Number of protein chains: 4
Amino acid sequence: MSDIAGPRQRRKEARPGEIIEAALILFHQKGYAATKLDDIARAAGVTKGTLYLYFPSKEALFKAAISETIHPNLDRIEELALKSTESATIRLRTAIHSWATALNECKGSISKLMISEAGNFPELTDFYIETVIKRSRALLMLLIKAGVDSGEFRQTDPDMLARILFSPILLTSIWRHTYASQDPITYDLNQLAQFHLDIVLHGIAIAPEHTL
Amino acid sequence: MSDIAGPRQRRKEARPGEIIEAALILFHQKGYAATKLDDIARAAGVTKGTLYLYFPSKEALFKAAISETIHPNLDRIEELALKSTESATIRLRTAIHSWATALNECKGSISKLMISEAGNFPELTDFYIETVIKRSRALLMLLIKAGVDSGEFRQTDPDMLARILFSPILLTSIWRHTYASQDPITYDLNQLAQFHLDIVLHGIAIAPEHTL
Amino acid sequence: MSDIAGPRQRRKEARPGEIIEAALILFHQKGYAATKLDDIARAAGVTKGTLYLYFPSKEALFKAAISETIHPNLDRIEELALKSTESATIRLRTAIHSWATALNECKGSISKLMISEAGNFPELTDFYIETVIKRSRALLMLLIKAGVDSGEFRQTDPDMLARILFSPILLTSIWRHTYASQDPITYDLNQLAQFHLDIVLHGIAIAPEHTL
Amino acid sequence: MSDIAGPRQRRKEARPGEIIEAALILFHQKGYAATKLDDIARAAGVTKGTLYLYFPSKEALFKAAISETIHPNLDRIEELALKSTESATIRLRTAIHSWATALNECKGSISKLMISEAGNFPELTDFYIETVIKRSRALLMLLIKAGVDSGEFRQTDPDMLARILFSPILLTSIWRHTYASQDPITYDLNQLAQFHLDIVLHGIAIAPEHTL
DNA sequence: TATGAATGAGCATTCATTCAT
DNA sequence: AATGAATGAATGCTCATTCAT
């Protein structure tokens with residue numbers, strides 16, 4: 001009932017989140033420079049002035065939107081894969097699938113946004129590289145090395161293999177957010193992940209039973 | 001005669017190309033909206049007004065830059081792989097390596113630019129999807145199907161496999177152009193392609209001799 | 001009882017005065033346009049909304065601040081000089097010194113503020129000119145004429161002399177409030193007034209005994 | 001004939017001066033903050049964007065306007081009084097009259113502007129104090145000391161006397177620019193200067209012949 | 001063909017004012 | 001009486017585009 005509030009309702013707690021959500025979608029669709037604060041305000045159901053109650057500038061809003069979205073996802077993946085006592089094969093599959101699932105559910109793609117805007121926001125990019133990219137890749141490399149050590153996988157280059165394992169999922173996720181209307185993708189990221197894992201694990205497995 | 005022009009003197013036929021080259025680099029670095037015509041003009045060694053002698057608007061220049069860069073690359077790949085009478089395995093390897101080589105040499109990445117700006121230039125995106133993306137993928141799928149038909153590869157999903165085969169190369173190329181300073185990549189795209197092909201072909205090969 | 005209120009608790013009757021005091025200082029320091037209501041509110045220890053309980057607009061607050069500060073000072077000077085039955089010389093000295101003393105003690109300078117903002121507030125300026133400037137000058141001219149009539153001073157131009165007599169004090173007062181840090185003034189306005197009066201009275205006196 | 005140029009005429013050389021002149025008048029009338037760039041542009045006969053071809057910001061335009069106006073006047077006064085071999089009395093009269101003449105002719109009053117805006121532009125104020133105020137006062141003090149040394153004037157406080165000598169002229173000049181309509185002044189600054197000098201020199205002269 | 005001064009619509013940001021609480 | 005979140009008109013500044021030279 002009080003949900004249907006008038007135009008001057010007070011929402012101090014909820015506002016920043018609503019604004020960030022609206023901003024992220026628009027930044028993602030149009031890029032930072034092409035996104036107008038008017039658009040963000042309208043999408044968030046407020047006026048332009050209100051944005052400045054919560055964020056001191058457009059740039060600050062952009063950075064906040066990126067950071068806020070990144071942070072809650074950071075720890076989840078690592079937990080999943082590291083705690084487990086299963087075989088490296090299983091843990092690798094689990095890690096990648098949980099990541100694919102996360103990407104499947106995202107409305108926007110931080111990866112795409114960072115690719116587009118990295119050149120214009122060097123410090124933000126540094127932060128993203130350190131906290132997201134390197135950390136994610138380190139996890140994959142850890143699992144790959146574990147598999148090599150345990151005799152599940154052949155000797156291989158963990159850096160390249162890590163890059164190869166996440167590329168199709170990440171690029172397809174970006175693709176879907178970019179070319180959804182012109183080139184729709186009919187399967188979900190988990191299917192793609194499974195398909196790729198089956199091939200790669202078969203390709204690097206020492207014994208067939210280590211494929212799954 | 002006009003060939004012997006001074007080093008600073010430019011032949012007028014060369015102008016559009018020089019402008020496009022400068023524009024492409026800047027669009028790629030900063031994105032469309034953040035790139036100023038002043039910057040492009042300065043980088044091309046002309047003044048802002050001169051741009052309008054060759055391109056009616058910023059948007060037209062952007063589209064021209066994309067199109068001009070795409071076109072000369074379009075036919076090359078197809079020729080390479082289709083003419084050959086080798087095995088599907090060989091032709092697949094050849095196609096992917098020649099593509100990796102092409103990407104290796106590019107100063108900018110049209111793929112990255114299209115990902116960034118697709119939302120703001122729908123018609124251009126349509127054109128890109130039809131002439132580049134779908135055509136490239138169709139080529140890979142053709143070769144994959146040929147390999148399945150010839151008994152070199154197991155039965156598989158050509159769309160997914162095509163996507164998987166170009167993802168690491170394309171994403172790594174984009175990566176390199178985006179995060180070069182923060183996260184340098186030490187190997188080239190051909191090494192990555194070979195590494196991936198070895199694994200995947202081994203994974204999908206019916207007999208070991210079809211891996212190479 | 002309400003006198004025993006906590007140090008932070010303010011009696012509501014005091015509010016307008018506290019706001020005016022804070023406003024006057026800020027208007028004086030930064031000028032009308034550069035002073036934000038937020039600053040005034042903060043300086044007065046209230047919130048921005050509260051200002052509107054006492055003053056209908058920023059302009060009204062400004063005018064009130066000027067008027068409130070002017071009024072209590074209006075009558076004082078006239079009393080001092082007019083009641084006296086001393087010689088014109090003495091009364092002139094008394095008037096100027098009491099005025100110098102008043103200016104010495106002021107934290108802000110209405111004169112400076114009016115000089116700065118006269119162009120933007122014509123009606124307020126009219127009011128200030130009529131009630132302060134012309135009245136003050138009329139007083140000085142009255143005393144000068146009295147001195148001429150009584151044979152204390154030579155025949156002279158009362159308007160010019162009045163202007164000359166208050167200029168050093170007024171300008172120095174403004175100066176002190178404007179360039180305090182860059183160009184500090186080491187003597188007080190009474191010293192300056194006495195110095196000037198000694199010279200001028202000696203200059204216009206008919207007989208030496210009329211200098212003091 | 002070509003003077004009646006169209007709206008797109010080119011005036012690169014003349015423009016900065018025209019803009020500064022228009023800006024100075026408006027800053028003077030309304031103060032810095034209350035002066036809109038649109039107003040300045042309109043008064044200068046250009047559009048807002050043109051201002052930015054010549055000045056990088058409103059603040060830079062303001063500072064340029066002050067500086068440009070100050071500089072040409074700096075050396076003039078000193079020359080006048082210092083070269084002369086006349087008596088100190090004559091040189092003092094000459095200096096003050098030439099200064100009064102300069103102020104008489106000015107459309108705006110930098111002094112007024114600096115009083116209004118000193119608080120908001122500390123570095124500009126420092127510059128003004130050092131190059132204009134202190135230099136002018138030093139000149140007057142020099143002449144006063146010369147008069148004392150030559151036996152023309154009694155022993156006196158040069159700082160105070162200097163301040164007293166320029167106050168009426170300066171304040172009246174400011175007054176005229178501030179309250180022209182409400183409180184017009186009927187005599188010019190040279191009359192005022194002569195009136196004051198006659199009194200003061202008579203007041204401080206050791207012998208009557210040193211008054212003129 | 002080439003220039004670059006000038007334009008003006010567009011956008012980020014500010015801040016006096018309002019109003020639900 | 002007091003708050004402070006929200007508003008929106010105003011304004012400094014940018015930049016794609018035009019055009020006289």
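If you're wondering where the values come from, they're calculated on a predicted model, not measured in any experiment. We name chains A, B, ... by the order of the sequence lines, and we start the count at 1 in each one.
- Considering only side-chain N and O atoms, Tyr54(B) lies nowhere under 4.0 angstrom from the phosphate OP1 or OP2 of dT1(E).
- Looking at DNA chain F, the stems built from 3 or more consecutive Watson-Crick or G-U wobble pairs, each pair with its key distances under 3.5 Å, are E:2-21 with F:2-21.
- For residues 60-71 of chain D, the set of pairs meeting the salt bridge (Lys or Arg N to Asp or Glu O under 4.0 Å) definition, not counting sequence neighbours, comprises Glu59(D)-Lys63(D), Lys63(D)-Glu123(D).
- Going from atom CG of Leu51(D) over to atom P of dC13(F) covers 10 Å, rounded to whole Å.
- By the 30° and 60° cut-offs, the orientation of the rings of Phe62(B) relative to Phe121(B) is tilted.
- One can place CD1 of Ile40(B) at 12 Å from P of dC15(F), the figure rounded to the nearest angstrom.
- No donor-acceptor pair under 3.5 Å is formed between the side chain of Thr50(B) and the backbone N or O of Val46(B).
- For the pair Phe55(A) CZ and dA6(F) P, the interatomic distance rounds to 12 Å; values are reported in whole Å.
- Counting heavy atoms from C-beta outward, Phe127(B) and Ile66(B) have side chains that stay 4.5 Å or more apart.
- Under the side chain to side chain contact (heavy atoms under 4.5 Å, CB included) criterion, Ser181(C) pairs with no residue at all, not counting sequence neighbours.
- Every pair tested for side chain to side chain donor-acceptor pair (under 3.5 Å) that includes a residue from residues 22-45 of chain D fails, sequence neighbours excluded, so the list is empty.
- Mapped onto DNA chain F by nearest heavy atom, Thr47(A) and Thr47(C) fall at different nucleotides, with Thr47(C) at the one closer to the 5' end.
- Considering only residues two or more places apart in sequence or on other chains, Ser116(D) meets the side chain to side chain donor-acceptor pair (under 3.5 Å) condition with Ser116(C).
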Please encode protein proximity along nucleotides 9-16 of chain E as a string of B, S and -, counting only heavy-atom distances under 4.0 Å. -BSBBBSB

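- Taking the six-membered ring for Trp, His71(A) and Tyr128(A) have ring centres at least 6.0 Å apart.
- Here the P atom of nucleotide dG8(E) and the CZ atom of Arg42(D) are 13 Å apart, to the nearest Å.
- Following rounding to the nearest Å, Leu53(B) (CG) and dC19(F) (P) show an atom-to-atom distance of 14 Å.
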